[in-house]
Amino acid sequence: MATELTPSDGLLLVDVQNDFCPGGALAVADGDAVVPVLNDWIAAAVHGGALVFASRDWHPADHLSFAEQGGPWPPHCVQDTPGAAFHPDLELPDGAAVVSKAEQPDREAYSAFDSGELGEKLQAAGIRRLWVGGLATDYCVKASVLDAVQLPELEVHVITAGIRAVDVAAGDGDAALQAMQAAGAILEHAEPA
Ligand code: VGL
Ligand code: ZN
């Protein structure tokens with residue numbers, strides 16, 4: 001069944017940034033395949049008057065998640081570098097709210113809700129359903145969805161065609177999907193109307 005979005009819907013695009021796409025510093029296999037899928041959801045959001053939020057991993061150059069500082073990742077999504085930019089084909093509408101996260105050098109922040117403002121913005125806008133897609137399934141999408149399901153009166157849907165996993169270990173992405181579903185998120189396999 002196709003889904004029609006309304007002004008009480010929100011679309012959260014998680015970290016659709018160059019460094020998470022093929023050729024990037026922390027490339028997710030097939031990561032750029034989320035772009036056309038999410039563009040369809042963006043079009044449906046614009047058509048239906050739904051709000052669009054785009055989170056971005058926005059690290060200082062000395063962030064603790066980078067290997068040089070003892071963290072698990074190669075440097076990625078360093079503030080104001082091309083790798084940190086949104087994928088050039090992502091059709092972010094005017095009025096999309098950009099949410100930056102993981103800006104503090106000494107703190108990891110996978111969830112888009114770690115920025116602090118997103119929960120309040122959703123609540124202030126009267127959002128009742130949140131549709132989530134982006135990168136990566138097993139890190140920032142998962143963390144964002146697990147935070148979102150904690151908010152009162154918010155139904156959380158994961159756009160399964162619009163996410164891709166890092167899969168450091170095989171099966172991480174599938175486990176993340178199960179964890180999101182177990183926490184109360186709805187796995188959405190349909191296309192937007
Ligand atoms: C992410 C690893 C490190 C993500 C961010 O956006 O999923 N993953 N930083
Ligand atoms: Zn990061």
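Atoms within a ligand are numbered from 1 in the order they appear, just like the ligands themselves.
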**Electrostatic pair Glu155-Arg128, nearest N-O below 4.0 angstrom** = no
**Item:** For atom 1 (C) of ligand 1, the protein heavy atom that lies nearest, with its residue and separation
**Value:** Cys140 SG, 3.3 Å
**Request:** Hey, can you tell me if Trp131 and His157 have their rings parallel, tilted or perpendicular (30° and 60° cut-offs)?
**Result:** parallel
**Prompt:** What are the two closest heavy atoms between Ala176 and Lys142, and how far apart are they?
**Reply:** CB-CD, 3.8 Å
**Prompt:** Could an N or O of ligand 1 be found under 3.5 Å from any N or O of Asp57, whether backbone or side chain?
**Reply:** yes
**Asked** Do any of the N, O or S atoms of His63 sit under 2.8 Å from the Zn ion (ligand 2)?
**Response** no
**Message:** Below the 3.5 angstrom mark, is there an N/O of Leu26, backbone or side chain, next to an N/O of ligand 1?
**Reply:** no
**Request:** For residues Gln79 and Pro60, determine if any side-chain heavy atom of one lies less than 4.5 Å from a side-chain heavy atom of the other.
**Result:** yes
**Request:** May I ask you to decide whether Asp15 forms a salt bridge with Lys101, counting only side-chain N to carboxylate O separations under 4.0 Å?
**Result:** yes
**Fill in**
For Tyr110, the atoms of ligand 1 under 4.0 Å from one of its heavy atoms are 2 (C), 3 (C), 9 (N)
**Prompt:** What N/O/S atom of His76 gets nearest to the Zn ion (ligand 2)?
**Reply:** NE2
**Asked** Quick check: does Glu108 get an N/O under 3.5 Å from an N/O on ligand 1?
**Response** no
**Request:** Just grab all the side chain to side chain donor-acceptor pair (under 3.5 Å) pairs involving residues 33-44, residues at least two apart or on different chains.
**Result:** none
**Contact flag His59/the Zn ion (ligand 2), N/O/S atoms, threshold under 2.8 Å** = yes
**Prompt:** How does Val14 reach ligand 1, if at all, at less than 4.0 Å between non-hydrogen atoms: by side chain, backbone, both, or neither?
**Reply:** neither
**Fill in**
re atom 6 (O) of ligand 1, the protein heavy-atom contact at minimum distance is Asp15 OD2, 2.7 Å
**Prompt:** Do Ser111 and Asp114 have side-chain N/O donor and acceptor atoms under 3.5 Å apart?
**Reply:** no
**Request:** Without swapping roles, check the side chain of Gln17 against the backbone of Asp19 for a donor-acceptor pair under 3.5 Å.
**Result:** no
**Asked** Between the Zn ion (ligand 2) and Asp57, is there an N, O or S atom separated by less than 2.8 Å?
**Response** yes
**Asked** Are His76 and ligand 1 in contact, using a heavy-atom cut-off of under 4.0 Å?
**Response** yes
**Message:** With heavy-atom distances below 4.0 Å as the criterion, list the atoms of ligand 1 near Trp73.
**Reply:** 2 (C), 3 (C)
**Prompt:** His87 and Asp32: side-chain donor and acceptor closer than 3.5 Å?
**Reply:** no
**Message:** Tell me the protein heavy atom at minimum distance from atom 8 (N) of ligand 1, and give that distance in Å.
**Reply:** Tyr139 CB, 3.6 Å
